[in-house]
Amino acid sequence: MILFKKTNNLRKYLDNQKEKNYQIGFVPTMGALHEGHLSLIRQAKSQSDLVVCSIFINPTQFNDPEDFLKYPVTTEADIRLLLSAGCDVLFLPSRDEMYPPEASGQPPFYALGELELLLEGKFRPGHFQGVCQVVDRLLFQVQPDILFLGQKDYQQCMVISRLLELTDRNKSISLVVCPTLRETDGLAMSSRNRRLSVTEREKAPVIFHTLCYVRDQLRPGPTGDLLKEAVSALTAAGFRVEYISLADARNLKPCTDWDGQQELVVLCAAFLGEVRLIDNLPLN
Ligand code: AMP
């Protein structure tokens, strides 16, 4: 694996590889890697000739400065894991490399429409603008053929798909959404899980079990009572629920009365202590 910290050097190397007609697969991350990230690397290995992973904890997507400061940094362990998964290139830019101080003008605005006002967008104002800002820049730097994202961040996948359209990159980049990897007790793997205390970690799978309960109990008709039950179950287990929503799988608009046909996804964000967990389950 080759490690690059500077865009110029990364570009020179990738231009050479492109001349060999290599297909470049790209997995952007914020580090503190786990098996979920590695599953993306492996999927990228199986579908491209050269896999680039980036690690950059993007300050502009954190609406809570504390969350940014507490985000785990485990670079040495990350490098070992990437080597074991067969990653070819690690891009590890500094903050100045991503956001040069001399270019600190008004950030671009991405017209995401209603998508950034719902769910994560509602509870984390500005989050998706920050995500688009960094992914736009990373895509410019890496110029991949295939972009690999995790369904764990369902709404983020939709936002980035929209970003590809807005920037016309959908013509040169295909998006592959990979399934959510879970611990054996159902908890979705996440870099934030390592911030849970022992007792919080024991309670954390309730989020997935509640999503499964909603999936199993869903019947055509009004959905309000089922969602209230879900909130109660999570609250009883010690979660502070931000949202749990049954939503249209294609536009995330809430479904208050299911016709038995519409494709749905159930999505949830909830705090356990200071740690904010998100999860989702596509239903049909
Ligand atoms: P992050 O480092 O949290 O920004 O995540 C980097 C990429 O890994 C994103 O595309 C995530 O959706 C994906 N990812 C994170 N956790 C998981 C998981 N448990 N299973 C699959 N993909 C994941």
Side-chain angles (χ1 to χ4, degrees), residues 25-48 51-64 67-68 70-75 77-79 81-82 85 87 89-93 98 119-120 124 127-139 142 144 146-164 173-196 201 204-205 207-208 211-212 252 265 267-269 275-282:
F26 179 40
V27 181
T29 80
M30 297 205 298
L33 301 182
H34 49 69
E35 271 303 313
H37 295 112
L38 299 187
S39 72
L40 269 59
I41 301 284
R42 293 193 185 104
Q43 176 94 26
K45 275 299 263 188
S46 72
Q47 284 184 247
S48 38
V51 176
V52 180
C53 173
S54 65
I55 296 180
F56 179 64
I57 307 177
N58 174 37
T60 70
Q61 72 187 68
F62 285 84
N63 50 317
D64 174 1
D67 191 25
F68 173 63
K70 289 192 176 150
Y71 205 85
V73 180
T74 60
T75 313
D78 292 350
I79 290 174
L81 288 173
L82 288 173
C87 181
V89 171
L90 169 59
F91 183 43
L92 195 65
M98 293 305 286
L119 306 172
E120 288 298 287
R124 302 185 69 188
H127 168 65
F128 286 128
Q129 288 296 323
V131 167
C132 285
Q133 190 184 9
V134 76
V135 173
D136 196 5
R137 183 129 180 81
L138 286 166
L139 293 177
V142 177
I146 318 178
L147 174 63
F148 295 86
L149 301 175
Q151 194 169 48
K152 158 86 179 12
D153 297 279
Y154 191 98
Q155 191 172 8
Q156 175 170 276
C157 292
M158 293 180 70
V159 162
I160 293 177
S161 169
R162 175 98 186 104
L163 170 72
L164 295 180
I173 303 177
S174 32
L175 177 60
V176 174
V177 176
C178 306
T180 303
L181 246 78
R182 299 182 179 281
E183 304 288 354
T184 44
D185 60 9
L187 176 66
M189 290 182 183
S190 164
S191 306
R192 288 189 168 87
N193 293 352
R194 59 184 90 197
R195 288 178 50 206
L196 296 168
R201 175 62 190 84
I207 204 164
F208 176 62
L211 297 180
C212 292
L252 295 186
V265 55
L267 311 101
C268 179
V275 185
R276 187 175 185 273
L277 300 174
I278 61 169
D279 201 353
N280 68 79
L281 202 58

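Atoms within each ligand, like the ligands themselves, are counted from 1 in listed order.
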Sidechain-backbone polar pair: Arg194 side chain, Ala32 backbone, donor-acceptor under 3.5 Å: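 Checking the backbone N and O of Ala32 against the side chain of Arg194, a donor-acceptor pair under 3.5 Å is found.
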Got a donor-acceptor contact below 3.5 angstrom from the Asn58 side chain to the Met30 backbone?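 Not a single qualifying donor-acceptor pair exists.
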Nearest-0.5 Å distance that lies between atom CD1 in Ile278 and atom CG in Leu267: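 CG of Leu267 is found 8.5 Å from CD1 of Ile278.
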Tell me every residue that passes side-chain hydrogen bond (donor to acceptor under 3.5 Å, both in side chains) with Gln133, counting only those two or more places apart in sequence or in another chain.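 Thr60.
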When you check the gap from the basic side-chain N to the acidic O, do Asp64 and Lys70 get nearer than 4.0 Å?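 Not counted as a salt bridge, because no side-chain N and carboxylate O are separated by less than 4.0 Å.
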Residues in the immediate environment of ligand 1 (any heavy atom closer than 4.0 angstrom):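 Around ligand 1, where the cutoff is 4.0 Å for heavy atoms, the contacting residues are Pro28, Thr29, Met30, His34, Gly36, His37, Leu40, Tyr71, Leu149, Gly150, Lys152, Asp153, Pro179, Thr180, Leu181, Met189.
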So which atom in Gln43 and which in Cys178 form the shortest heavy-atom distance, rounded to 0.1 Å?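 Taking every non-hydrogen atom into account, CG-SG, 3.8 Å.
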